[in-house]
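To start, the structure under review is shown below, and the notes come after it.
Only a predicted model underlies this, so the values are computations on that prediction, with no experimental measurement involved. Computed from heavy atoms alone, side chains included, the values below leave out hydrogens, waters and symmetry copies. Proteins get letters first, then strands, A, B, ... in listed order; numbering begins at 1 in each.
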Number of protein chains: 2
Amino acid sequence: MSNAPHPRSDSPTRRVTAAMVAAEAGVSTATVSLVVNGKTAGRVSAANEQRVREAIDRLGYVLDSVGSSLARGVSSTIILVAPDISNPFFAQLISGVRQVLATDYHLLLSVSDPGQRPSLTEVSRLFGQRPAGLILHAPDPEFLAGVPAHVPVVAVDAPDAPETVPAVNFDVSQGARLIAEHLHSRGHRTIAYLDAATGTATLRVRREAFMAAATSLGMTVLQHLPVATTIDIAAAGASFTAAWPQMHAAQASAVVCATDTQAYGVLQEARAAGLEVPRDLAVTGFDDLPFSASMNPGLTSINLAADAVGVQAATMLRNLLSDTSIEQRQLIWPSRLVVRGSSALD
Amino acid sequence: MSNAPHPRSDSPTRRVTAAMVAAEAGVSTATVSLVVNGKTAGRVSAANEQRVREAIDRLGYVLDSVGSSLARGVSSTIILVAPDISNPFFAQLISGVRQVLATDYHLLLSVSDPGQRPSLTEVSRLFGQRPAGLILHAPDPEFLAGVPAHVPVVAVDAPDAPETVPAVNFDVSQGARLIAEHLHSRGHRTIAYLDAATGTATLRVRREAFMAAATSLGMTVLQHLPVATTIDIAAAGASFTAAWPQMHAAQASAVVCATDTQAYGVLQEARAAGLEVPRDLAVTGFDDLPFSASMNPGLTSINLAADAVGVQAATMLRNLLSDTSIEQRQLIWPSRLVVRGSSALD
DNA sequence: CTGAAAGCGCTTACAG
DNA sequence: CTGAAAGCGCTTACAG
């Protein structure tokens, strides 16, 4: 920050423009622009480039991206649209995206309130920003359809995205099967499924894949017992508490939860009800949040490689932006079962 | 989305501009601009306003915020700068900010990698966006000093912010005292403090306030035992494990952690070491993350009203933006002790 | 109440 | 290799 003073209390120094740099260096603004954008090869003499760089340093010039975006017709901002950043798993995704895109683009997040989808005005304003590209986490089909044709887009965690949309998904079907097989191998035959009531595609796939796998293994899955809840610890716990008597009567020996967050609530309330996990009741989650290993007992879950997927999605988008033809339009990342104490006696 | 089709596969329809709307409505672009910005009072006839609105609907016009920002000299984007969004507590803060600002401004998040501070280039690009204002979560002094004088700023969770900077802080000193008093009242006399090694001001304040309170209550706090760690479950657990023999020898009966995240690691490793919490060792956290109630035993912690603080900060910024003089430049929000099983026998 | 015009800061053919 | 100039889409005094 040494040579670019930003006097917070001094007189409101005027913004330094390319024109001022040009005057200082004795060149045109066209030349300044070429230097700033690294397009000097064969277009700017070494001497002039040097002069411009010195002038930039002297004046503390910073490219105005608003002017730049208007002239180029597109900004260098990539917007990551997420329905819910309270999911800690999302931080990992971002970290992966940053690794690939942070150098050349400005990464911004646009979030809606948890569980809610972005409104029409929010979407319009989004495109009014002229983003260079979009990474959409778990977009609903309407949002996807509303993206203007000329904006490069990559979807993440969107198993229902049309094949024409580049996407990187987690293999949650496989994860759901792994859970079913794991519980079956531990002798469970009657099981409850706590679904998440957000309508996201990944959650539908998780449920359907689990049902299919459990059924084909000859297990019984209780219907709507417990009742689906939002992805919230307290709501999930309450739903479990309400359903437990019936589950118990039906001789259910395990609760499979659509998300780790919900499983935390079930663990908590099962304990409050005096149940011993996993002896009296096995519990499993999905997502393998960083906190799941710290539960007591640890929560058996499905690990999703969020950072790897972030890297993949960002790489795909970068290729799209540089017109590199991408080989595969949709990638799928394997899931991994992590067995912990909540489903396995030591 | 009905009357504003975004043909994803059709021919690349040209962006609809204010000039096209003006032509369609038979008025000037100046009039279109006034209507779009709701500045019609006494400046646009009802008839013309009506015509313009119809033309906008017919053509599916959306204000281009890049052009608008350039003309006005400032965008309608408010950027929330956060060092680490993996902190779930951050989602609550955002929710509060959104409640106040989402209608009139576009809220975007700029994140750096966990624990790292934003680089100079990132900061420059930030201001190249011409944000209407900034909300800074736990900014370091250098960043704060680098904010151009004309950009309205509100800091959050920045107990070291100069008095000239509007800020909303949590009373973490009070929280630290509450922890000390609670443990003292439970009979603890020798205590370990697991600090967080990120250099954020709030963490320094937590530690200093705790040390002062504990000392004045006549308690002994072991020095650098365990060794400070990043805000990471595994790192904290490992640090605890390494320090436990010495802590035990020193007859420490409690570990006070700078953050809940670290406390999770301690709980986990204490359990692995065969310790019973809280009988053999009490553990406390700080932040009261949503997961802390789900630990077993539940984690005693300090609850910070993140959403309330988000609302406050956003309100302050909105007042700053509308030239309303704000009464108080710095607000402080009380902390609340939440006692759970990790420090209290049933 | 209305519109022509200047201007925001930059980029990019274009002519030299 | 270089610069004058047009243009990106909008807003805002200004003159009427």
Side-chain angles (χ1 to χ4, degrees), chain A residues 14-52 55-56 59-77 124-125 127-132 148 150, chain B residues 14-52 55-56 59-77 124-125 127-132 148 150:
Chain A
R14 284 198 57 70
R15 171 178 282 277
V16 177
T17 68
M20 295 162 71
V21 174
E24 174 86 5
V27 301
S28 71
T29 59
T31 301
V32 173
S33 177
L34 291 172
V35 170
V36 168
N37 290 292
K39 298 181 177 173
T40 55
R43 327 246 251 117
V44 180
S45 68
N48 267 351
E49 177 168 359
Q50 179 65 10
R51 281 204 197 97
V52 170
I56 286 175
L59 302 180
Y61 171 71
V62 171
L63 175 64
D64 182 284
S65 57
V66 176
S68 172
S69 301
L70 186 60
R72 290 188 305 138
V74 65
S75 76
S76 56
T77 294
S124 307
R125 279 197 286 193
F127 295 112
Q129 305 275 121
R130 304 233 187 163
H150 57 91
Chain B
R14 284 199 58 69
R15 171 177 283 275
V16 178
T17 67
M20 294 163 70
V21 174
E24 173 87 6
V27 300
S28 72
T29 58
T31 302
V32 173
S33 176
L34 292 171
V35 171
V36 168
N37 290 292
K39 297 181 177 173
T40 54
R43 325 246 251 118
V44 179
S45 67
N48 268 352
E49 177 168 359
Q50 178 66 11
R51 280 205 198 96
V52 170
I56 286 175
L59 302 180
Y61 172 70
V62 171
L63 176 64
D64 183 283
S65 57
V66 175
S68 172
S69 301
L70 186 59
R72 290 188 304 139
V74 65
S75 76
S76 57
T77 295
S124 307
R125 280 198 285 193
F127 295 113
Q129 305 275 121
R130 305 232 186 164
H150 56 90

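OP1 or OP2 of D:dT11 has at least one side-chain nitrogen or oxygen of B:Ser68 nearer than 4.0 Å. A sub-4.0 Å separation between OP1 or OP2 of C:dC8 and a side-chain N or O of A:Thr17 is absent. Dashed line: the shortest gap from a side-chain N or O of A:Ser45 to OP1 or OP2 of D:dT2 is under 4.0 Å. Within the structure, a side-chain polar atom (N or O) of B:Ser28 is placed less than 4.0 Å from OP1 or OP2 of C:dG3. Side-chain N/O atoms of A:Lys39 include one lying less than 4.0 angstrom from OP1 or OP2 on C:dT12. Under 4.0 angstrom from either OP1 or OP2 of C:dT2 there lies at least one side-chain N or O belonging to B:Asn48.
Here C:dC10 is the nucleotide among D:dT12, D:dG3, C:dC10 with the atom lying nearest to any side-chain atom of A:Tyr61. Residue A:Arg15 has its side chain nearest to C:dG9 when only C:dT11, C:dG9, D:dG3 are considered. Of the candidate nucleotides D:dC10, D:dT12, C:dG9, D:dT12 has the atom lying nearest to any side-chain atom of B:Arg72. Nearest to the side-chain atoms of A:Ala71 among the listed nucleotides C:dG3, D:dC10, C:dG9 stands C:dG9.
Among the atoms of the strands shown, base atoms are found under 4.0 Å from some heavy atom of B:Arg43. Nucleic acid contact for B:Val32: none, since no nucleic acid atom lies under 4.0 Å from a heavy atom of the residue. Note on A:Ala18: only backbone sugar-phosphate atoms sit closer than 4.0 angstrom, heavy atoms only; bases stay farther off. Among the atoms of the strands shown, none is found under 4.0 Å from any heavy atom of A:Val36.
One interatomic measurement links the two molecules: CG of A:Leu70 to P of D:dG7, which rounds to 14 Å at whole-angstrom precision. Following rounding to the nearest Å, A:Arg130 (CZ) and D:dC8 (P) show an atom-to-atom distance of 10 Å. With rounding to whole Å, A:Met20 atom CE is found 15 Å from C:dC10 atom C1'. The CG atom of A:Leu63 sits 9 Å away from the C1' atom of C:dG9 (whole-angstrom rounding). Atom CZ in B:Arg51 sits about 12 Å away from atom C1' in C:dT2, given to the nearest Å. Atom P of nucleotide D:dT2 and atom CD of A:Glu49 are separated by 10 Å, given to the nearest angstrom. Whole-Å rounding puts the A:Asp64 CG to C:dT11 P distance at 9 Å.
Nucleotide C:dA15 has D:dT2 as its partner under the Watson-Crick or G-U criteria, with both atom distances under 3.5 Å.
With respect to A:Val21, the side chain to side chain contact (heavy atoms under 4.5 Å, CB included) criterion is satisfied by exactly one of A:Leu59, A:Thr29, A:Val35: A:Leu59.
Heavy atoms only, all atoms of each residue included: A:Ala25 and A:Arg51 are closest at O-CD, 3.4 Å. Annotation for B:Gly73 and B:Arg130: closest pair O-NH1, 3.1 Å, computed over non-hydrogen atoms.
One distance of note links CG of A:Leu34 with CZ of A:Arg43; it measures 5.0 Å at 0.5 Å rounding. In this structure, B:Gln129 CD and B:Ser69 OG are separated by 9.0 Å, a value rounded to the nearest 0.5 Å. Residue B:Thr40 holds its OG1 atom at 11.0 Å from CG of B:Asn48, rounded to the nearest 0.5 Å.
Both A:Leu34 and A:Thr29 lie near DNA chain D, and the one whose nearest nucleotide falls closer to the 5' end is A:Leu34.
Taking atom C1' in both C:dT12 and C:dG16, one finds a spacing of 16 Å when rounded to whole Å.
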